[in-house]
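Here is the naming used below: chain letters follow the sequence lines, and residue numbers restart at 1 for every chain.
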Amino acid sequence: MDLLEQVLEDYYHAVFDTDREEALAVVNSALVEGLTPQRIIFDVIIPSIRRMEGELVKSNNTTLAQHYVCSKVSSEITDRLIPLLPGSDLSRGTVVLGTALGDFHGLGKKIVGSILNSNMYKVVDIGINVPPEKFVSAALEHKASVIGISSMMVHTSRGPGGAKGVKAILEERGLEKQIKIIVGGAPYLFDSNLYLETGADAWAPTAIDAVEALNKLMEEIRLDS
Amino acid sequence: MTAKERFGSLLTGQLPDRVPVICNLFEQGAREMGLSIKEYYSRGEYVAEGQLKLAEKYGHDNLWAFHHTAGDAEMLGSRFTAFADDGPPNVGDLILRSESDIYNLKITEDILDTKAHREVSRTLEILKEEKGDEYPVLGAVVASYSMPAILIGMEKWMELLYLSSDRAAVTLLEKCSEFCRIKTKALFDEGADMVVYMNPLASAEFITVDRFRNDALKWIKKDTEATGSGGMVYFNGGGPINPMIEPLMEATDFPVIYINPHDDVAEAKSIIAGKRILVGTFNDIRLISQSEKEIQEDVDRIVEAGKPGGGFAFGTLVMPLAIREENIRLMIDRVKEKGRY
């Protein structure tokens, strides 16, 4: 097993075991042994996130607690390594994230935000219980191309305080082609057509799917412009 | 056979006339009463009347002496519950903001002398008086393993459990467990026929089976040590629990295990193997937009998997307020038709 394979294996097992200290130690020792920050992000951290998501989807073998630890540690390490990368701006784009108005559940959003951050997206987390106008104003302020709206309750996913309200404002101001909406959260897992009702442009069942969905939305926006 | 006799048959290992239906209708009661959800929950009398109207309207087999989870946070001093017009309330004020708040949190029997609990007790009292002979009246408690989420927030709870302080996490679990024991005992003393034990954070959505065996299970045992778990329903709370059923049955005597829509009913039935009563659960979020045919197919799938040999009830999960009345009726009527023995 070469150095990269060993680091990948050790890092994955550390986050799988929800062992933050061990994960950080693996990365520190990899840096000392000469693995570049770029390879650590793209060949260790991101593949580990994908592997964990894969386990969740295929074999239901991982849990939200493991995802939480994995996302948190991955984001922390990525933040530390980004300044060491060559090239000044590797960001894939900016996303504003929050939970719908009336919804006080923040864990899912936090996991998604950390995974997006680890995948080189700039994430502006505007918190929980966010009114639709605030989503739009934050997106404009931070020049975000995508608004991500998390809901853990059925009524906050379908109601005017969530994606529906945000979409109405975007349409009213003619912004719907330059700012897209992605949704996620428990109710969507029980009904995969629910996002269509909300007017969202995409939904994602897991954080890693959110990365893929976001990549597609970014491409659509680029083509539209 | 009354609803109560139906459950009585199940609990004594006999076949009832048909599969009983547990329907988790809560905020729908406010509509029946013509009240806002906030007003509805302000008085135990309103909720009791709402529950009675719902049972009469839809013909399901249980009454709920439960208001909302945010009420448990109110019992511990949460000052703001965020009410909506179209769904259940949220905890709007987390009472624990730092680790020191955890150490300072006091759990005493005074929690029972709060408006939040008094109103629930009033609902329970009225339901027992009015229809206690006909229906099982269910109370509910949040498990210690899950309760920190409504006191300190889900993220901070995960952080305490996995990333930072074992001491703070264990202290908080001890206190939540004390809360759970006091509340469970009170509900039984006040007349609840069964207490539903809600433990979403110990589901397979959140933790591994190993963690369930080695950690969550000891708190489940602790939570139920004052009353025993013999009168309680183990409720998934939102995540799948099939992988947890075996260890749960080895270590506790919950007579009823209430699985998640994402759990396979036939698999649960085979794990339980007649040793407990199984509640197979309908995906009621889809019920918002389903056609009659889709509802019938989903009901049939659950009933066909769970009904043979008895020991089975049909259950729902969150019953969003957006579900049309006719769809609720279609679901319940179909269970009654297909669930006949």
Which heavy atom of [X] sits nearest a heavy atom of [Y], and at what distance?
X      : Y      : value
A:T63  : B:T208 : CG2-N, 3.3 Å
B:H262 : A:L189 : NE2-O, 3.7 Å
A:F190 : B:G238 : CZ-O, 4.1 Å
B:F206 : A:L64  : CE2-CD1, 3.5 Å

- Query: Any Lys/Arg nitrogen of B:E159 or A:R20 sitting under 4.0 Å from an Asp/Glu carboxylate oxygen of the other?
  - Reply: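 Looking at B:E159 and A:R20, the cut-off is not met.
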Please determine whether the number of non-hydrogen atoms from other residues, nucleotides or ligands lying under 6.0 Å from atom CD of B:E246 exceeds 12. no
If you measure from [atom1] on [X] to [atom2] on [Y], what distance do you get to the nearest 0.5 Å?
X      : Y      : atom1 : atom2 : value
B:M158 : A:S71  : CE    : OG    : 10.5 Å
B:S289 : A:N193 : OG    : CG    : 7.0 Å
A:F104 : B:D93  : CZ    : CG    : 10.0 Å
A:D191 : B:D284 : CG    : CG    : 11.0 Å
A:Q66  : B:Y162 : CD    : OH    : 7.5 Å

What part of [X] lies closer than 4.5 angstrom to a heavy atom of chain A: side chain, backbone, both or neither?
X      : result
B:P89  : backbone
B:I288 : side chain
B:V91  : backbone
B:L94  : neither
B:S203 : neither
B:N283 : side chain

#### Entry: Segment of A:Y68 engaging chain B (4.5 angstrom heavy-atom cut-off)
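The side chain, not the backbone.
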Exercise. Do the side chains of A:H155 and B:D85 get nearer than 4.5 Å, heavy atoms only?
Worked result: no
Chain A: which of B:A82, B:G153, B:G87 shares the most heavy-atom pairs with it under 4.5 Å?
->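 Between B:A82, B:G153, B:G87, the count favours B:G87.
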May I have the step-by-step check of side chain to side chain contact (heavy atoms under 4.5 Å, CB included) for B:N90 and A:H105, ending in yes or no?
CA-CA 9 Å; B:N90 262 233; A:H105 301 84; 3.8 Å; yes
With a 3.5 Å cut-off and sequence neighbours excluded, list the donor-acceptor pairs that the side chains of residues 318-329 of chain B form with protein atoms.
residue	atom	partner	partner atom	Å
B:R324	NH2	B:N327	OD1	3.4
B:E325	OE1	B:K57	NZ	3.1
B:E325	OE2	B:K57	NZ	2.8
B:N327	ND2	B:L287	O	2.9
B:N327	ND2	B:Q290	O	3.3

